[in-house]
Protein chains: 2
Amino acid sequence: MALEKTSRVEQRQSPTVVEIAKRAGCSIATVSRVLNRPETVAIDLRERILHIVDELGYVPNGSARALRSSRSRLIGLIVPTLDSAIFTRMLEGLESRLAPAGASLVYSATGYDLDREIRVVRNLIEKGVDGIALVGNYHRKETLKLLREHKVRFAVTYALSDDVSIPSMGFDNRAGGALAANYLADLGHRNFGVIAGVTRENDRASGRLEGFLAMAERRGISRSNIVVVESPYEFSRGRAAAKIILNQNRNVTAIFCGSDVLAVGALRGCRDAGLRVPEDMSMIGFDNLDIAEYLTPGLTTVDVPARLMGEQAANYFLADQSSLDIHSRVELETRLIVRESTAPARIRQ
Amino acid sequence: MALEKTSRVEQRQSPTVVEIAKRAGCSIATVSRVLNRPETVAIDLRERILHIVDELGYVPNGSARALRSSRSRLIGLIVPTLDSAIFTRMLEGLESRLAPAGASLVYSATGYDLDREIRVVRNLIEKGVDGIALVGNYHRKETLKLLREHKVRFAVTYALSDDVSIPSMGFDNRAGGALAANYLADLGHRNFGVIAGVTRENDRASGRLEGFLAMAERRGISRSNIVVVESPYEFSRGRAAAKIILNQNRNVTAIFCGSDVLAVGALRGCRDAGLRVPEDMSMIGFDNLDIAEYLTPGLTTVDVPARLMGEQAANYFLADQSSLDIHSRVELETRLIVRESTAPARIRQ
DNA sequence: AGCCCAATTGAAATCGTTACCATAGGAAGA
DNA sequence: TCTTCCTATGGTAACGATTTCAATTGGGCT
């Protein structure tokens, strides 16, 4: 028995504009118009097409669209990691703004490795993203070169860029550090411990540290009264760092941490050492993670507008060419959130 | 003066396979082969092409590739939210496996809204993702229909699917809840509070609750001795829920929380009420977030293999058609992590 | 009545790859 | 020496949209 020519045609595939056009009795160009600029198509034809689209459950092919129009509606986000929860809120903010616009977020992590960042950027460019949000100002030349050569819009977050040609939506990390130093000085503390993030190739960590140190100096505190330890942003590292500080200078009455994660660890380190916070030791964090309020004691910390940065970045990437500059530099504020982990200085007995 | 025909050609655009082929003196087909199945091209020609690729900084156009081959190397992840940090580790696990394979993760949130999930899925399909990781077993028919009609591979995480045709990499939420009840019973507790997540259309939250209740019953504890409160996964809600439980039954000596976030809030709620944990009240969480170990007191909790689920999901999506079934159902284990927030029951005075 | 312009629609080129098929050349086997 | 087969390569047609550009129509104006 001969096989039918069009044997298993029944196997229905996803419909394309061709199918829509056929059913609507119009050209594919018109279908495309209805999908993209509906107002340019006569109302009745438009409705008819829309009806068919709905009926067939037509979903446009994004790859085809991206190939032809060179716009993918994909925005890349590159952060060091989400492990420490610092960047999660920004990610949420970014995505929450992208989604309603039909855009999607492509997430990539670098693990604080700038060389890996190059590869990640290349990968994102390959995916055809319309824009990339980066963290901080330290990047390999190669990274920037890739971005520029492929004309991919990008922006820096979590910091402000000195280079005006680089859009940034961030805050002044130095100012944040200064906030902490100032407050601690107000409370009468004169001997500090600082648990900074790793400052190498990290302008956020180094900015916070510098800001703290500069303000301490302005408040007449000798640099020799400040013990600085650098640690990766991990609970366990904060704990260990606190112990180092305690061993190094028994007069320290306040510790400033470059992130809340470090502060949580340091809180634990103090507890291990039998110190009470804030009675024996004041503690300030950085980030104002949600958890900060619910720790015991509640953590005094520098609030970072993480979600807002994400939203602002989204605004920037979503903006059309004409209004681009409006959104290209957004300076946000940090502020000190005072809770229970800080108290006036007291001489340790 | 006449304008040159090819006036501002200098404006170099990103090179394509055509340019590569021209310089290598071969066809674009061969360039494509070098990029995709290098072993099929003679070694010297291959090297020559690779050299040119490198020299020109050629980056393939993913849209074109996706359009033609209908593989985008994009994997979608849809979770309710990252706010509560529960899903972040899974996301990290997923991405960490995807990246080395040249694939990228597209992140979308639903805000626990199943109708929004439909739109999110459609959007992801439009982007041409090769697969989608979902959370849990509750989904709208429409969601599954979209997935099936467009032949998009998908998998369920954070739970196991009853339907064998649905791949899942997860764990038994009921077993996790049972773990908690069993341990608390071992410690001699007979009056429980449970702060469950919102169980409506959420099989993880309801599974944990059911598992706890079932085991409690098996251990001879009357249902009337158990106060159940449901709360969204937010610190503040956990805090409030603890107070409700405390008011409702003064005999409660242990609280099981459907997530660590709720437990942190509940810890605070107990502190507000002047109760010491674990002396006056035992507390068990669920998730084993990194923070759990660093709380005061350290939180006893049910560990969830979040990162592992992400990695397994990645394995599944990265697997080729032939070895698909190998990875299509991965049951992972929960285990109880005992820390300082639980202690033997003591009669409240 | 004649002209012009705006509003609609269609035809066809194009985006950059991959996949299919054809072909040439050389090795292996008879 | 002739077939046969395999390997390496090229030519070219898709993939499914968007984007010119051109054509048609009808209304408003003079």
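Hydrogens, waters and symmetry mates are skipped; everything else that's a heavy atom, side chains included, is used. To find a chain, count down the sequence lines: A is the first, B the second, and so on, and within it residues start at 1. Only a predicted model underlies this, so the values are computations on that prediction, with no experimental measurement involved.
Under the side chain to side chain donor-acceptor pair (under 3.5 Å) criterion, E117(A) pairs with H139(A), sequence neighbours left out. With sequence neighbours left out, E47(A) forms a side chain to side chain donor-acceptor pair (under 3.5 Å) with no residue at all. In this view, E331(B) satisfies the salt bridge (Lys or Arg N to Asp or Glu O under 4.0 Å) rule with no residue, not counting sequence neighbours. Every residue meeting the side chain to side chain donor-acceptor pair (under 3.5 Å) condition with S32(A), not counting sequence neighbours, appears here in chain and number order: N36(A). Under the ring-ring contact (aromatic ring centres under 6.0 Å, His included) criterion, F154(A) pairs with no residue at all, not counting sequence neighbours. For R307(B), the salt bridge (Lys or Arg N to Asp or Glu O under 4.0 Å) partners are E311(B), not counting sequence neighbours.
Note that the two end axes of the helix from dA1(C)-dT30(D) to dA30(C)-dT1(D) enclose an angle of 30°, each drawn from 5 base pairs, rounded to 10 degrees.
Evaluation of the ring pair (Phe, Tyr, Trp, His ring centres under 6.0 Å) test over residues 86-106 of chain B, restricted to residues two or more places apart or in two chains, returns F87(B)-Y158(B). The stretch residues 49-73 of chain A participates, sequence neighbours left out, in these side-chain hydrogen bond (donor to acceptor under 3.5 Å, both in side chains) pairs: S72(A)-D130(A). Screening residues 92-110 of chain B for side-chain hydrogen bond (donor to acceptor under 3.5 Å, both in side chains) gives T81(A)-E92(B), E92(A)-Y107(B), Y107(A)-E92(B), N123(A)-S104(B), R97(B)-N315(B) as the qualifying pairs, with residues at least two apart or on separate chains.
In 5' to 3' order, the nucleotides of DNA chain D bounding all contacts with chain B (an atom under 4.0 Å from a heavy atom) are dA8(D) to dG16(D).
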If the sugar-phosphate is the primed atoms plus P, OP1 and OP2 and the base is the rest, what is the B/S/- string for nucleotides 8-15 of chain C, using protein heavy atoms under 4.0 Å?
-> SBBB-BBB
